[in-house]
Peer 1: 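Take a look at the following structure, please.
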Amino acid sequence: RKALPDLVQRFEATMSAVAGANLRKMFGYPAAFAANGHMFTGLHEDRWVIRLPDDARAELAGAGGVPFEPMPGRPMREYLVLPAAVLDDAAMLQTWLDRSLIYTEGLPTKAKKR
C-alpha cells in the first residue's frame, strides 16, 4: 500500500525543517537519514516509524508506540511506530525526532555499497 498523501506531505514538511536530515526513499516510502547513512525515521504504508535506543523505545512503547514490522513477524530492530498522540502534537513529534537523530548520529558510519 502507498503512504497516505496527507501523511507524506506532513512528513516532508516536518523533515525539511530538521537540520541534518537527508531525505530519500526506503522501501519506496519517504525516509530521513542521518549524515552517517543510517535511517532514523520514515513512513511505511499508513505508519510513521522512528529509530530509538532501548530506553527511549521503552518510554515510547509506554506511550502507545508499537514495534515496526514491515512484514508480519519480521520486526525491524530499534524501530517503533509513532502513536497518534505523538503525531497529533507537533512539539512532541519534534522532540522524538530530535532524540532519534541524536541517537542515530552516534552509530558508526554505514559502509557504502559497492
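Computed from heavy atoms alone, side chains included, the values below leave out hydrogens, waters and symmetry copies.
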Peer 1: Taking all heavy atoms of A31 and all of M26, pick out the closest pair and write down the distance.
Peer 2: CB-CB, 3.9 Å

Peer 1: By the ring-ring contact (aromatic ring centres under 6.0 Å, His included) test, which pairs, at least two apart or in different chains, include something from residues 30-52?
Peer 2: F11-W48, Y29-H44, H44-F68

Peer 1: Between A34 and E105, which heavy-atom pair has the shortest distance, and what is it?
Peer 2: CB-CG, 4.0 Å

Peer 1: Please identify each residue that fulfils salt bridge (Lys or Arg N to Asp or Glu O under 4.0 Å) with D88, with sequence neighbours left out.
Peer 2: none

Peer 1: Taking all atoms of both residues into account, what is the closest heavy-atom pair of A61 and L80, and its distance?
Peer 2: N-CD1, 4.0 Å

Peer 1: What pairs with D55 under side-chain hydrogen bond (donor to acceptor under 3.5 Å, both in side chains), at least two apart in sequence or on another chain?
Peer 2: none

Peer 1: Mind checking what makes salt bridge (Lys or Arg N to Asp or Glu O under 4.0 Å) contact with R74, not counting sequence neighbours?
Peer 2: none

Peer 1: Rounded to the nearest 0.5 Å, how far does OG1 of T14 lie from CD of Q9?
Peer 2: 11.5 Å

Peer 1: Rounded to the nearest 0.5 Å, what's the gap from CG on L87 to CE on M92? Could you check?
Peer 2: 10.0 Å

Peer 1: Check whether any side-chain heavy atom of E78 lies under 4.5 Å from a side-chain heavy atom of T104, and answer yes or no.
Peer 2: no

Peer 1: Which residues pass the side-chain hydrogen bond (donor to acceptor under 3.5 Å, both in side chains) test with R1, sequence neighbours left out?
Peer 2: E45

Peer 1: Using a 4.5 Å cut-off between side-chain heavy atoms of Ile, Leu, Val, Met, Phe, Trp and Tyr, which other residues end up in the same hydrophobic cluster as I102?
Peer 2: none

Peer 1: Kindly write out the residues that satisfy side-chain hydrogen bond (donor to acceptor under 3.5 Å, both in side chains) with E69, not counting sequence neighbours, or none if the list is empty.
Peer 2: none

Peer 1: Between L43 and A3, what is the shortest heavy-atom contact and its length?
Peer 2: CD1-CB, 4.4 Å

Peer 1: Strictly by ring-ring contact (aromatic ring centres under 6.0 Å, His included), give each pair with a member in residues 75-112 just once, sequence neighbours left out.
Peer 2: none

Peer 1: Show the nearest heavy-atom pair for residues I50 and L60, with the distance to one decimal.
Peer 2: CG2-CD2, 3.9 Å

Peer 1: If I compare all heavy atoms of L107 with all of N36, which pair ends up nearest, and what's the gap?
Peer 2: O-ND2, 3.0 Å

Peer 1: Run the side-chain contact (heavy atoms from CB on, under 4.5 Å) test on V49 and T41 for me, step by step, so that the C-alpha distance in whole Å, both residues' side-chain angles and the decisive distance to 0.1 Å come before the verdict.
Peer 2: CA-CA 6 Å; V49 301; T41 190; 5.6 Å; no

Peer 1: Output all residues satisfying salt bridge (Lys or Arg N to Asp or Glu O under 4.0 Å) with D98, sequence neighbours left out; order by chain, then residue number.
Peer 2: none

Peer 1: Going by the rule salt bridge (Lys or Arg N to Asp or Glu O under 4.0 Å), which residues pair with E59 if we only count those two or more places apart in sequence or in a different chain?
Peer 2: R99

Peer 1: Salt bridge (Lys or Arg N to Asp or Glu O under 4.0 Å): which pairs involve residues 29-40, sequence neighbours left out?
Peer 2: none

Peer 1: For residues 15-22, tabulate all N or O donor-acceptor pairs below 3.5 Å that involve a side-chain atom, not counting sequence neighbours.
Peer 2:
| residue | atom | partner | partner atom | Å |
| --- | --- | --- | --- | --- |
| S16 | OG | E12 | O | 3.3 |
| S16 | OG | A13 | O | 2.9 |

Peer 1: If we ignore hydrogens and angles and just use 3.5 Å, is the side chain of R51 paired with the main-chain N or O of R77 as donor and acceptor?
Peer 2: no

